[in-house]
Amino acid sequence: MMSLIKADLAEILKKQYFFKFKANIDVFSSLVGLQLLAVLFSLGGGMYSGYYGGGMDISMKLYSADMVILFTMIWALITSVTITTKPYRNYEFTFVTNRISSSLSSILFLLTISLLAGFTSMLSANLIHVLVYFFIDSGMLIYEQHMQDIITGVISTSLYIFLFCSFGYLFGAFIQVHKVFSGLIPVGIIGLLLFDGMKLNSTIAMFYFNEPSLFMFFIKTIILAGIAFAVAILILRNMEVKR
């Protein structure tokens, strides 16, 4: 028999959010470990270019946090898939909850880790520059960043990570419906990229990566992430928290 007590949704979300934060504390240690690994890979540099002429031989390497951000997006994708699994959902059985409140608290949790991961990803660029300066090339030229550039970088990186979280959550929801989606969706994405990859990548780049306005990028990302989360909630809404 269902409880007749009508619990306040905001209070339930608050309790579930902090519970998920404590229950998934390990994701932060995995984030740190993965980002440190990415930092080591980044020490090799990227976007190498050279010039020879007039008796001069000039070579350039760009050291950036791109590898760290890529690893962080993969981490976000895996983390968001994990929280849709049955063992994870069983942890919530002690709460007066439903699929909507469970999904909303999960989204808030994913938003929090996205902001934190975006912040640490941007900080890793400074760590890379310090390591390169002291251990690889003390003559490295470091681009001076203003506070506005740092804030813009943190926000945009966090949005990318949150978008990957929404994709992972949707992917996890499909897997809960049927395990066949765990192989079908990746194969479908790879097939689409191979079939019309250049055109598709160009379209995505024009729509997202080449967006000059941070505000418009924010709107586009939130809308797309919102659609992914909404579809995932619709898929999972008839599923009980504990089967």
Side-chain angles (χ1 to χ4, degrees), residues 17-18 20-49 60-83 105-169 204-205 208-222 224-225:
Y17 170 79
F18 285 109
K20 290 179 180 181
F21 201 93
K22 295 177 181 178
N24 293 277
I25 197 68
D26 289 343
V27 301
F28 298 104
S29 59
S30 64
L31 170 64
V32 173
L34 201 60
Q35 288 187 339
L36 288 176
L37 179 62
V39 166
L40 293 178
F41 283 127
S42 300
L43 296 180
M47 295 183 65
Y48 176 84
S49 63
M60 294 180 292
K61 271 189 177 182
L62 176 63
Y63 295 93
S64 70
D66 291 348
M67 183 68 69
V68 179
I69 295 174
L70 176 62
F71 275 43
T72 303
M73 288 178 175
I74 296 174
W75 166 86
L77 192 68
I78 296 174
T79 300
S80 54
V81 171
T82 301
I83 67 174
S105 60
S106 294
I107 293 172
L108 290 175
F109 171 72
L110 293 175
L111 177 60
T112 301
I113 66 174
S114 297
L115 293 172
L116 179 62
F119 181 73
T120 55
S121 295
M122 292 305 299
L123 286 183
S124 67
N126 296 324
L127 176 60
I128 293 171
H129 293 160
V130 170
L131 292 175
V132 171
Y133 180 81
F134 283 104
F135 299 104
I136 299 177
D137 184 6
S138 60
M140 179 183 64
L141 297 177
I142 301 178
Y143 171 72
E144 181 181 358
Q145 287 186 312
H146 300 286
M147 183 57 66
Q148 182 178 357
D149 297 328
I150 297 175
I151 294 175
T152 301
V154 170
I155 294 175
S156 58
T157 303
S158 298
L159 287 172
Y160 278 124
I161 296 171
F162 186 61
L163 185 61
F164 269 71
C165 283
S166 69
F167 293 157
Y169 197 78
I204 294 175
Y208 279 102
F209 301 108
N210 293 341
E211 176 56 62
S213 171
L214 179 62
F215 177 74
M216 288 304 301
F217 174 68
F218 173 82
I219 296 299
K220 290 178 180 180
T221 304
I222 292 301
L224 185 56

Restricting to non-hydrogen atoms, name the atom on [X] and the atom on [Y] that form the minimum distance, rounded to 0.1 Å.
X    : Y    : answer
S29  : D26  : OG-O, 2.7 Å
S158 : G118 : OG-CA, 3.5 Å
Q35  : V68  : CG-CG1, 3.8 Å
T157 : G153 : OG1-O, 2.7 Å
V81  : G168 : CG2-O, 3.2 Å
I128 : S64  : CD1-O, 3.3 Å

Look up atom [atom1] in [X] and atom [atom2] in [Y], then write down how far apart they are to the nearest 0.5 Å.
X    : Y    : atom1 : atom2 : result
Y169 : S106 : OH    : OG    : 4.0 Å
S80  : I161 : OG    : CD1   : 11.5 Å
D149 : M147 : CG    : CE    : 10.0 Å
L116 : S121 : CG    : OG    : 9.0 Å
L159 : C165 : CG    : SG    : 11.5 Å
I150 : I155 : CD1   : CD1   : 12.0 Å

Quiz item: Between F218 and F162, is the gap from one ring center to the other below 6.0 Å?
Solution: no
Quiz item: Can you name the side-chain contact (heavy atoms from CB on, under 4.5 Å) partners of S166, sequence neighbours left out?
Solution: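 If we apply the side-chain contact (heavy atoms from CB on, under 4.5 Å) test to S166, skipping adjacent residues, the hits are L163, A225, A228, F229.
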Quiz item: Can you name the residues that form a side-chain contact (heavy atoms from CB on, under 4.5 Å) with F215, not counting sequence neighbours?
Solution: S213, I219
Would you check if [X] and [Y] make a side-chain contact, meaning some heavy-atom pair closer than 4.5 Å?
X    : Y    : answer
I83  : K20  : no
T112 : Y17  : yes
T79  : F164 : no
T82  : V27  : no

Exercise. Hey, can you tell me if F21 and F109 have their rings parallel, tilted or perpendicular (30° and 60° cut-offs)?
Key: perpendicular
Self-check item: Flag if over 12 foreign heavy atoms under 6.0 Å of CZ, F28
Solution: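 Yes.
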Quiz item: Run the side chain to side chain contact (heavy atoms under 4.5 Å, CB included) check on T72 and L34 step by step: do they pass?
Solution: CA-CA 7 Å; T72 303; L34 201 60; over 6 Å; no
Practice problem: Using atom types as modelled and distance alone, determine if a side-chain donor or acceptor of W75 lies under 3.5 Å from a backbone N or O of V32. | Solution: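 Pair absent, no side-chain N/O of W75 close to backbone of V32.
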Exercise. With F41 as reference, evaluate L43, V39, L37 under the side-chain contact (heavy atoms from CB on, under 4.5 Å) test and give the passing residue.
Key: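 Single side-chain contact (heavy atoms from CB on, under 4.5 Å) partner of F41 among L43, V39, L37: L37.
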